[in-house]
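Chain naming here is simple, since letters A, B, ... match the order of the sequence lines and numbering starts at 1 in each. Excluded from the calculations below are hydrogen atoms, water molecules and symmetry mates; all remaining heavy atoms, backbone and side chain alike, are included. Owing to the predicted nature of the structure, the values given are computational and were not obtained by experimental measurement.
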Amino acid sequence: MDFQAVEEKWRKKWLESGLWKSKAVEGKPKFFIHFAYPGVSGFLHVGHMRGYSYADMIARYKRMTGFNVFFPVGVHASGNQAIGFAKKVNQGDEKWINYLKANGASDEEIEKMKEVDFVVRYFMNKYKEYWELFGFLADWDSLACTVFPDYNKFIQWQFRKLKDKGLLVKKPYVAPFCPNCGPVAIDPSETDISKGGNAEKQEFTVLKFDTGKGYYLVAATLRPETVFGQTNLWVRPDVEYVKARVGNEVWVCSKECVEKLKLQREDVEDTGERVKGEELIGLKVIAPGAERKIIVLPSEFVDPDFGTGIVTSVPSDAPYDYQALMDLKKNKELLDRYGLREEVEALEIIPIIRSKEWGETPAKKICEEMGIRDQNDPKLEEATKVIYKAGFHTGVMNENCGEYAGMKVEQAKEMVKQKLIQEGKADVMYDLSEEVICRCGARVLLKKTPDQWFIKYSDKEWTEESKKHARIMNILPEEYYKNMPGVLDWFQDRACARLGNWLGTKLPFDERWTIEPISDSTLYPAFYVVSRFVNTGKLQLDELTDEFFDYVFLGKGSAEKPVWEEVKKEFEYWYPVDINLGGKEHKTVHFPVYVMNHVAILKPEHWPKGIFVNWFVTGKGGKISKSKGGASASPQEAAAKYSVDALRFYYAHVASPFVDIEWREGIVTDYKKHVENLVSTVEKLSSFNGVDFGIDEWMNARLDKHLREYHEFMNEYDFRKAINSVFFDLLKDLQYYEKRGGNSRKTAERVIEVLLKTMAPFTPFVCEELWQRTGHDGLISASEIPTPEAVNEEALEREEIVKRVEEGINNIMKITRVKPSKITLFVAPEWKRKALVKALELGSPKQVMSLMEEFKEHKAAAKFLQFVSKKYHELRKPLSFDGELKALEEAKDYFEKTFNAEVVVMNAGESGHEKALNAVPGKPAILLE
RNA sequence: GCAGGGGUAGCCAAGCGGCCAACGGCGCCAGGUUCAGGGCCUGGUCCCUUAGUGGGUUCGAGGGUUCAAAUCCCUUCCCCUGCACCA
């Protein structure tokens, strides 16, 4: 079969059919599903298609089981990604342009991508193409984009609602900031930045050391509790330090530090005075907390770009300090130059914290253990981490730490810091743990915004209400359901808007601010209903007033135009959302705010009903990155290579949606074979032309069983199990059916119907094609999946007996290497059945042997009851003697043909043969001769 | 650190109190198929035993609950993910 041609054909037919269009139908059950729309972030790869495909599968299944389905899609373009892309094209960034070309962008398109608007439209259309390629029956009329004016109006309405409810607050905030681009996000995927994705914002305690000369030396530390062990200060002799006015004090620190401080507080001013590090050496200053005079010493490891450029030395607990001190003590020449020999030689380590593992002078211990060479040894970084961690969790403050003596470091840390700040001996500053460079090339620093807008997710009542609702939601997987209340509790206020030039919606009451990408994507499923009306020209942009949204979403006011009424009806029909599907990356970001915003703004009957979280497709050893990903994992290439059906089949079946899967070409190839197998199976079935006989009863019972299981599993969205039943198990059954001589046309037709319809949600193209080829009219996608008849359990059990006998004969033949000419099957006599039933009624194997009394007249009674007792939990109520006999008699021809031997069936009770005693109800004894 | 998830046979991966020596796939072994193009089918794949429905040792490690544990509880080791102006 030419899969690509078939796909093309049905894509077109589906589009023409309008099956994807959604309209409220009074009285018909509805199903609203969507996935968290992708951000404009480059081309997608096969990994992204996994989750999206799940949404389409569910939508298709629901559509084929009597639901009216709404499956809208959208694109998220807020933020600065598209801006960045346009900038790259403008700059002629070769890497980026090659990437665009490799993914099929034409020269004209690339030229046009100098415009941000075009970038957005280009990728939006691209994403839509992927979805169409994969056969989605999505409501294309509802397509929404977060930077389009209609969407903006909706978001502005939403933010006015939040503000009215007092859920927007302003407070100071410190965040990464680029001097050119404004606020940036630091995350490992490095969307906004080009370097430093793993940097963390750290809060330093700035210790102020009084020089007695009208200015302070300042040192930043992450370990304020170690102030008691300070022995000296470190400065770099070659660095020129700055005297800066901070409030009404004068601080001495590095130039870089002044720049950072300026971003974090308003009262910083460079006095223009400079002081060389050298000049500070030998100075005596008062160490805050320790309250004693310590000396300023030279060192090499101090980085003017980190902290304040001056370091307080705690050689007991800081490996760098310890090593620098040791180095200095050895360096007589240097000491003599500064005339510090005596004082430095007299410096002693002051133990202040003790821990089980590292004792009282951890820095010394670890430096010795790790064999640190000198203060420039890179291993010091690691040593510092180890000691910091151990000290923080297991450390206890020593007696020489005043009121903190005996206290755990974990506790003391914060208390010491607070006290120092209170007493005016310390302050706070923020710095990044490593260098961060913006996409534009500038250095990213931390900046304080005094009046940052936040959404007040910390609100107690709101959180509680949301948690309460989450409990009645259908959240998959189960672990996430259990986790959701915790996530909602953990979710604190979120900065929701940023200054500067970003794509997105302006805050309606303060247009300097652009709403940040997460915050403008919380209530948007509601907007899909509206966007359909806008896209089809039934609503004009200027009609999207607050009154309109109030009326449609909240039922407030009255319809100014008839179309308002219509939109409202649609909204009320489709809402709430049945499933919001998204990747696991949304677990602690999008989903909680999605729930909370619904709870805050909409009526309870419109709060979301379900969340479905899917995991990723990874490359070898990591994520397939869409920005770095090659064309090999592109949806188009994969589709051409394996067929879309094979890919969808792969997603649905290869593993649970709730685990990561590794993209392996060989595995996908297997699924392509399975699709081919589906085709050939249906072709074969079409040629069946016989009539029903015994085995058809079994085949039909199996079909019913598979159908029943299929629907059960699909209701839990367990695609893998559903497919196992209705595809893999069914094909096995079919093989067996043929082996047993089945060839009924009627049965074959039923198999075809069940197979194609149940598989249609997963492999829609090939099912549609085969449906047509087997002479059916209409779209299979628009048909109903059959529901099962009552399963004929007895027919199933009869065949199980036949299978057991066949297996038994094979076993015995193999072991004995006997090729029998006569096979005798001994059917367990009636009394054994009676005994078995009675035993099962006892409910436990314990008392089984007490039945001995009743059956003692039978020679095999003891042996049989022992067997029953032992296998108690495996045994089930047996078929009647006649039923078993019938099964074997019917299969007699089959056995004779298979084993080429005479087959005799008889009542074990009427045979004197020793083997006959082994007969068990449902499992005849076998004699080969 | 805080929060969450996980460790199952050579590998991937189901199972989550009895029907489990443990689904399925890959790999490997044997056999079949007038079979040559990343085929298909049958059987085997922890050890032993055997005219089949039997025994022993397994599900990171160590304890415990139970008539019964891969499955529940405790302790312990190891791995992964998230931690917020990122979608």
Side-chain angles (χ1 to χ4, degrees), chain A residues 36-41 76 78-79 81 173 175-177 182-193 197 200-201 388-389 392-393 410 449 452-454 457 477 479-480 482-483 486-487 489-500 502 513-519 521 582-590 592-593 615 626 653-656 658-662 664-667 669-670 672-673 677 680 720-721 724 728-729 735 804-805 807-818 820 844-846 867 870-876 915 918-920 923 925-928:
Chain A
Y37 45 29
V40 169
S41 55
H76 190 197
S78 316
Q81 291 261 75
Y173 189 59
F177 180 87
V184 291
I186 296 182
D187 63 291
S189 62
E190 305 194 338
T191 24
D192 291 356
I193 57 181
E200 285 176 61
K201 179 169 91 180
Y388 182 91
K389 205 170 157 181
F392 184 75
H393 297 293
E410 276 183 86
T449 308
Q452 171 69 48
W453 286 98
F454 284 83
Y457 290 115
E479 298 85 57
Y480 184 50
K482 284 190 267 187
N483 197 211
V487 172
D489 269 334
W490 161 87
F491 213 101
Q492 292 305 303
D493 296 349
R494 183 181 178 95
C496 65
R498 35 193 190 186
L499 296 166
W502 306 86
W513 295 85
T514 305
I515 294 163
E516 161 279 327
I518 294 297
S519 304
S521 308
K584 64 175 176 178
E585 74 274 26
H586 296 296
K587 286 203 287 181
T588 52
V589 186
H590 168 247
V593 295
W615 264 237
K626 60 180 161 179
H653 184 264
V654 70
S656 147
F658 316 126
V659 297
D660 285 334
I661 51 179
E662 196 180 300
R664 290 210 299 251
E665 309 247 336
I667 305 283
T669 307
D670 290 339
K672 188 180 181 189
K673 282 182 209 148
N677 196 214
S680 58
R720 186 183 157 81
K721 279 188 181 159
N724 272 344
F728 291 101
D729 292 349
Q735 242 173 48
R804 263 177 237 139
V805 167
E807 192 194 338
I809 295 171
N810 278 130
N811 277 340
I812 297 165
M813 276 168 57
K814 199 162 56 197
I815 291 158
T816 60
R817 297 176 182 281
V818 166
S844 125
K846 287 181 195 167
F867 168 81
K870 193 163 186 184
K871 293 273 164 183
Y872 196 82
H873 295 288
E874 296 169 32
L875 294 168
R876 271 178 297 155
K915 295 280 178 221
N918 291 336
V920 169
K923 189 154 192 178
I926 299 163
L927 172 65
L928 303 188

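Ring geometry for A:F491 versus A:Y457: interplanar angle over 60°, hence perpendicular rather than tilted (30 to 60°).
Closest to the side chain of A:L928, from the set B:rA51, B:rC40, B:rC85, is B:rA51. Nearest nucleotide to the A:I518 side chain, out of B:rG52, B:rC85, B:rA87: B:rA87. Which of B:rC26, B:rC85, B:rA87 sits closest to the side chain of A:D670 comes down to B:rC26. Considering only the side chain of A:P517, B:rA87 comes nearest among B:rG54, B:rA87, B:rG82.
Across all strands shown, B:rA3 forms a Watson-Crick or G-U wobble pair with B:rU81, both key distances being under 3.5 Å. Checking B:rG52 for Watson-Crick or G-U wobble geometry (two distances, each under 3.5 Å) identifies no partner in any strand. B:rA22: no Watson-Crick or G-U partner with both key distances under 3.5 Å is found in any strand.
Spacing of P atoms, B:rA70 relative to B:rA22, comes out at 13 Å, to the nearest Å. Rounded to whole Å, the C1' atom of B:rU34 lies 15 Å from the corresponding atom of B:rG39.
We find that NZ of A:K587 is positioned 16 Å from C1' of B:rA84, with the value rounded to whole Å. Atoms CD1 (A:I661) and P (B:rC26) sit 17 Å apart, rounded to a whole Å. One atom, CG of A:D489, and another, P of B:rG4, lie 12 Å apart when rounded to the nearest Å. If you measure from atom CD1 of A:I926 to atom P of B:rU50, you get 19 Å, rounded to the nearest angstrom. Separating the NE2 atom of A:H653 from the C1' atom of B:rC23 is a distance of 10 Å, rounded to the nearest angstrom.
A:K587 forms no cation-pi arrangement with A:F658, by the criterion of a distance under 6.0 Å to the ring centre and an angle within 45° of the ring axis.
Contact between A:Y480 and A:H586 at its shortest, heavy atoms only, is OH-O, 4.4 Å.
Residue A:Q735 places at least one side-chain N or O under 4.0 Å from the OP1 or OP2 atom of B:rU42.
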